[in-house]
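One structure is given here, and the rest of the page talks about it.
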Amino acid sequence: MRISVIGCGYLGAVHAACMAKLGHEVVGVDVDERKIEELSAARAPFYEPGLDKLLREVQDTGRLTFTTDLAAAAGSAVHFICVGTPQKTGENAADMTYVDGAATGLLPYLFPNDVVVGKSTVPVGTASRLADIVRAKQPDAHVIWNPEFLREGHAVSDTLQPDRFVYGVLDGSEDHPAVAVLDAVYSTPLASGTPRLVTDHPTAELVKAAANSFLATKISFINAMAEVCEAAGADVTQLADAIGMDDRIGRKFLNAGIGFGGGCLPKDIRAFMARAGELGADQALTFLREVDAINMRRRTRVVELTRDLCGGTLLGKRVTVLGAAFKPESDDVRDSPALSIAAQLQLQGAVVTVTDPKALPNAARRFPELHYEVETSVAVMKADALLLLTEWQEYRDLDPYGLGSSVSSRRILDGRNVLDAAKWRAAGWVYRGLGRP
Ligand code: UGA
C-alpha cells in the first residue's frame, strides 16, 4: 500500500520505518528540514535502539522516502497523523496546533476512500471534529483513530509487535470500510495474533488517555508507598515485590524512585484533566492532580536527601548526577526528573556535574548552565556525592570498590533503587535509596 506519515518525530519516524518494513511504500513528511535530511540519509535524528539499522534496511529497498512537501502525500491510500501534542504554555491542555495543521494541510491531497489515521495522543472529541473537517472537503474519505502505545527505547518492537491495535471509527462498527483498509496495513502483526479492538472515536481516544493515566497512577502509588516506607523504616522495593506477586496487581511499573518524566505521561495526565474539565467531568480525574503532585514531590525529596547526604548543606558541594535522560535507552530529556533535580541542586549552591551515555547534547541545550562530562570516570572525580538518577546499565554495573578511590566522599543516592545496597555499604559507601531504610 502507499502510505504517508505526517510528522517524523519519535512516533512518526519509527512508524514510517516500520510501515516500510511491513512491505508498504511510505513517504514521511515533516516541516523540519534538518530532520528530513537526517532521515533521508538513514540516520535517526534521536537515539532509539535499532532505528538506524531499520532505516538503512528499508531505505535500501527504495520503499521509504522523506520530504518536507506535504503534496507528496497525494496518491497514498492511508495517511497517518503522527505530529506532537505538547502541553500548552501556561496551561494543562494539549496544544492542538500541529494536529489541526496536519489534518487541514492534507485536505487538498485527499481522494475518495482515502483513510486518515490519527495516531497522536489527543483530547477526546478530536477525531470526530477532524472527521467533520475532512468530510466537508472530501465526503468519501474516512477518519480513524488508532492510538499508539509505543515506549521510547522499545519503539521499533512496540510498533511491529504491539500488545493490541485499537481502531476508533465513526460508527464504532467492524463493518466500517476503513477497518478493512487498516487491517491490510497491519496484516503481518494481525496474522501473528495481535488482538485488535474496533470502537467508536471517543472510546479509542480515551483508551490512550486512560492507559497513560493508569501507568502514571501506578508509579505515583508506589512512590507514595515509598514516602510511607521512609517514615516507617520499611523497604518499598520488598513491598513492591510482595504486592506485585498478586496477578491482579503485577510487578511492572512498580519501581519507586525519582518519578516519571518524558514527553508523554506528565503532559498526558494534565491534558486529560483539562479535557475532563471542559466536559464537566473534572471530579472524575481530581485524583490525577494528586498523582502529579506525588510525582513532583519526588524531585524535592531527592534534593533534601542530597543535602542530608552532604552533611546538611549543598553550598560548594561537588555532586555528580549519573543520567540525564528521562529513562534509559533514550536521549530524550523532556521533563526529565534527573535533569530537573540536577538544576535544583545547582540553584541551591551545589557544583553539579551531569553525565549520560546519550542525552548530554539534549541536556546541554535545555540546561546550558550545568556542567556536563561525557566520561563517567571523569565525572565522578572528587565528588562529594553521587546521584544515580537514570538507570542505564553501565551505572547499574558500577563497581563500588573501583569507584571509591576516585570520589572525595563515598556517598551515593540511588534514585532508582537499582543498586545492591549491601554491596555498596560493604565497600565503605554511605548508601541511600528512596523508600528504603
Ligand atoms: C509512555 C507509555 O509507557 C507508552 O505506552 C506510551 O505509548 C507513551 O508513553 C506515549 O504516550 O507515547 P514512555 O514515555 O516512552 O512511554 O516511557 P515509560 O516507559 O512509560 O516511562 C515513563 C517514566 O516513568 C520514565 O521516566 C520512567 O523512568 C518512569 N518509571 C517507569 C518509573 O519511575 N517507575 C516505573 O516503575 C516505571
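This is a predicted model, so every value here is computed, not measured. First listed ligand is number 1; within each ligand, the first listed atom is number 1.
The residue L11 has no part lying near ligand 1, judged by heavy-atom distances below 4.0 Å. Of all the heavy atoms of L150, the ones lying under 4.0 Å from any atom of ligand 1 belong exclusively to the backbone. Contacts between N255 and ligand 1 below 4.0 angstrom, taking non-hydrogen atoms only, involve backbone and side chain alike.
A donor atom on one side chain and an acceptor atom on the other are found under 3.5 Å apart for R270 and Q87.
Closest heavy-atom approach to atom 11 (O) of ligand 1 within the set D163, I222, N223, N212: this belongs to N212. Summarising the contacts of atom 9 (O) of ligand 1 with C264, G263, A240, the nearest heavy atom is found in C264.
For the pair D95 and K88, the salt-bridge criterion is not met [side-chain N within less than 4.0 Å of a carboxylate O]. For the pair K35 and E38, the salt-bridge criterion is not met [side-chain N within less than 4.0 Å of a carboxylate O]. Between R43 and D52 no salt bridge is recorded (no basic side-chain N to carboxylate O distance below 4.0 Å).
Taking both residues in full, the closest heavy atoms of M296 and T300 are given as O-OG1, 3.5 Å, listed atom of the first, atom of the second, then distance.
By the 4.0 Å heavy-atom criterion, R416 is counted among the residues contacting ligand 1.
Among protein heavy atoms, atom 18 (P) of ligand 1 sits closest to K327 NZ, 3.6 Å.
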